[in-house]
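Order of listing sets the numbers, starting from 1, for every ligand and every atom in it.
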Amino acid sequence: MDLFAGCGGLTLGVAQAAHKRDVALDVRLAVDFEAAPAKVFKANFPKANVQEGAVESYFDGDLGAPLTARETEIVSTVGEVGLLIGGPPCQGHSNLNNHTRRTDPKNRLYLRMARAAEVLLPRAVVIENVLAVVNDKQQVVSRAIAHLKKLGYDVATSRIDLLKLGVAQTRKRHILLAIRENARDFGVSAADLLQIEDHGIAPHDLRWAIGDLLHVQPKSFFDEAAVPSADNQRRMNYLFENDEYNLPNEERPECHQGNHNYTSMYGRLWWDRPSQTITSGFATMGRGRFVHPAVPRCLTAHEAARIQGFPDFFKFVDERAKPRYELTRTEVQVIIGNAVPPPLTEALTSNLFDAEVLQTKDETSRLLEDDFAAPAIGLAC
Ligand SMILES: C[S@@+](CC[C@H](N)C(=O)[O-])C[C@H]1O[C@@H](n2cnc3c(N)ncnc32)[C@H](O)[C@@H]1O
């Protein structure tokens, strides 16, 4: 089950780990209240039960309270759940958000994950968020941990560096892993299973992630950079004409001049380094270091998806998909920027399989190709 599912970055990682073990993936429920990411999820996982709605309307009971009518209904329709994953919205915690951070009521959505665990009692729970979630004034992380422990889970948290998982991007995430005590056949702890960074993967640079896309012929806006304003095009040309990677103050808009900590804004990426964190602003130079290393333009959606660790078979834009789904450029940018790099849950789920917290043998297993739209090969990007 994937809550706040977006396009399914977390689920894709689970699917890839399952695929490597010939285990079927059965997405009993994926919930997001935005139509656009739900469409992308459904197109890539055609058999998944994807629903458009607010998570708090599915899991609407208080922590510790008896199940509500809605929750009882979900238990009976969804059945047993092995793995519950979710990345509640993080704008409230993000250090990039100066207005409402740390008191944003959205932060309470984090606790809906703990409630969903209480309702479903899955074997394992993964909650993904920004690092700053631990600074939340409502202490959602410690409240979730306390509640999960009360339910009989072994719980651990970690700050995971995605660069160490082969993602060509500087991005760190806060991960909570909870393992149901009686699912731990071999006595491994949640803390052991969260050790996913030290597998000796060499860090990847931008050339590795997107070098081959430089001369790709666009079939749609997916491979076309957004058209910049005349001022921003001039700024990008300046970077290339002067062989610069940081835009000098005098070339920036007046409001960005003077003392600032925003060196990376209006900046150009390096081929031989990882990208900065991809956000939904990747198509605009004023929203981060998003100018392509070799051409005076910002990243395309395809390049951003690659940097997020998505393989090419995952379709953000696919006019041949059934049912057809058509999204705007802005919707696709937001979906990609919001997504969690799949290598995160791929590594974590592999550990859960290895420790048999998740079952690898199931009489009802079908080949994964039935369950999601990936080809049998080409899992790497
Ligand atoms: C950070 S994104 C999730 C990304 C996703 N886990 C992935 O890996 O691709 C958060 C998502 O939560 C959705 N969302 C925010 N508040 C919600 C709510 N109350 N109920 C359902 N979905 C919500 C947003 O539309 C957004 O797609």
Side-chain angles (χ1 to χ4, degrees), residues 1-17 25 27 29-45 48-60 70 74 83-94 96-97 100 104-116 125-133 140 160 162 165 167 169 171-176 277-282 301 304-311 314-316 327 330-349 372:
M1 180 176 295
D2 191 346
L3 301 179
F4 311 97
C7 66
L10 289 172
T11 288
L12 179 61
V14 176
Q16 289 178 315
L25 175 77
V27 183
L29 182 63
V31 181
D32 198 291
F33 66 10
E34 293 286 350
K39 280 183 197 165
V40 176
F41 196 115
K42 187 71 186 165
N44 285 281
F45 301 95
N49 174 18
V50 183
Q51 300 204 12
E52 215 182 295
V55 167
E56 59 274 33
S57 73
Y58 286 78
F59 297 96
D60 56 354
R70 184 83 170 106
I74 290 168
L83 177 61
L84 166 67
I85 55 182
C90 52
Q91 279 82 2
H93 311 296
S94 169
L96 297 174
N97 179 338
T100 56
D104 193 317
K106 275 195 199 129
N107 295 354
R108 264 175 260 142
L109 293 176
Y110 193 96
L111 295 171
R112 288 297 89 197
M113 291 296 296
R115 177 61 179 177
V125 184
V126 176
I127 314 179
E128 174 275 342
N129 224 280
V130 294
L131 296 183
V133 69
V140 286
I160 304 284
L162 294 199
L165 299 180
V167 178
Q169 182 183 167
R171 192 182 191 104
K172 292 184 180 158
R173 308 300 286 181
H174 183 271
I175 303 298
L176 180 154
T277 301
I278 293 293
T279 68
S280 56
F282 67 78
R306 282 274 195 89
I307 297 167
Q308 286 278 57
F310 279 86
F314 194 90
K315 299 296 177 207
F316 289 95
L327 307 180
T330 307
E331 283 171 331
V332 170
Q333 285 167 196
V334 170
I335 290 169
I336 293 173
N338 273 347
V340 181
L344 174 68
T345 35
E346 183 176 355
L348 202 45
T349 311
F372 89 126

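Between I175 and V126 there is a side-chain heavy-atom pair separated by less than 4.5 Å. Side-chain atoms of E346 and L348, non-hydrogen and from C-beta on, never get closer than 4.5 Å to each other. Looking at P311 and Q16, their side chains come closer than 4.5 Å, going by heavy atoms from C-beta outward. The shortest distance between side-chain heavy atoms of V140 and V133 falls below 4.5 Å. Proximity of L12 to N44: side-chain heavy atoms (C-beta onward) are nowhere separated by under 4.5 Å.
Checked against a 3.5 angstrom limit, the closest N/O atoms of E34 and ligand 1 fall outside it. Residue L10 places at least one N or O, backbone or side chain, under 3.5 Å from an N or O of ligand 1. For ligand 1, the polar-atom distance check finds an N/O of V55 within less than 3.5 Å of one of the ligand's N/O atoms.
Close contacts between ligand 1 and F33 involve ligand atoms 14 (N), 15 (C), 16 (N), 17 (C), 18 (C), 19 (N), 20 (N), 21 (C), 22 (N), 23 (C), 25 (O) [criterion: under 4.0 Å to a heavy atom]. Of all the atoms in ligand 1, the ones that sit under 4.0 Å from a non-hydrogen atom of A5 are 5 (C), 6 (N), 7 (C), 9 (O). Ligand-side atoms of ligand 1 in range of G6: 27 (O), range being under 4.0 angstrom from any heavy atom. Close contacts of ligand 1 with G53, meaning ligand atoms under 4.0 Å from a residue heavy atom, involve 20 (N), 21 (C). In the vicinity of G9, heavy-atom distances shorter than 4.0 Å reach the ligand 1 atoms 7 (C), 8 (O), 9 (O). Those atoms of ligand 1 with a heavy atom of E56 less than 4.0 angstrom away are 18 (C), 19 (N), 20 (N). Within ligand 1, counting atoms from 1 as listed, the ones closer than 4.0 Å to a heavy atom of G87 are 1 (C), 3 (C), 10 (C). Taking every heavy atom of A339 and a limit of under 4.0 angstrom, the matching atoms of ligand 1 come to 7 (C), 9 (O).
Salt bridge R112/E56: absent, no basic N to carboxylate O contact under 4.0 Å.
Residue contacts with ligand 1, taken as heavy atom pairs separated by less than 4.0 Å, do not involve T11 at all.
Side chain of E128 to main chain of G86: no donor-acceptor pair is present (N/O by atom type, distance under 3.5 Å, no hydrogens or angles).
Within the structure, ligand 1 lacks S57 among the residues with a heavy atom less than 4.0 angstrom away.
A ring-centre distance under 6.0 Å is not found for F33 and F4.
For the pair R70 and Y58, the cation sits on the ring face: its NZ or CZ lies under 6.0 Å from the ring centre, inside 45° of the axis.
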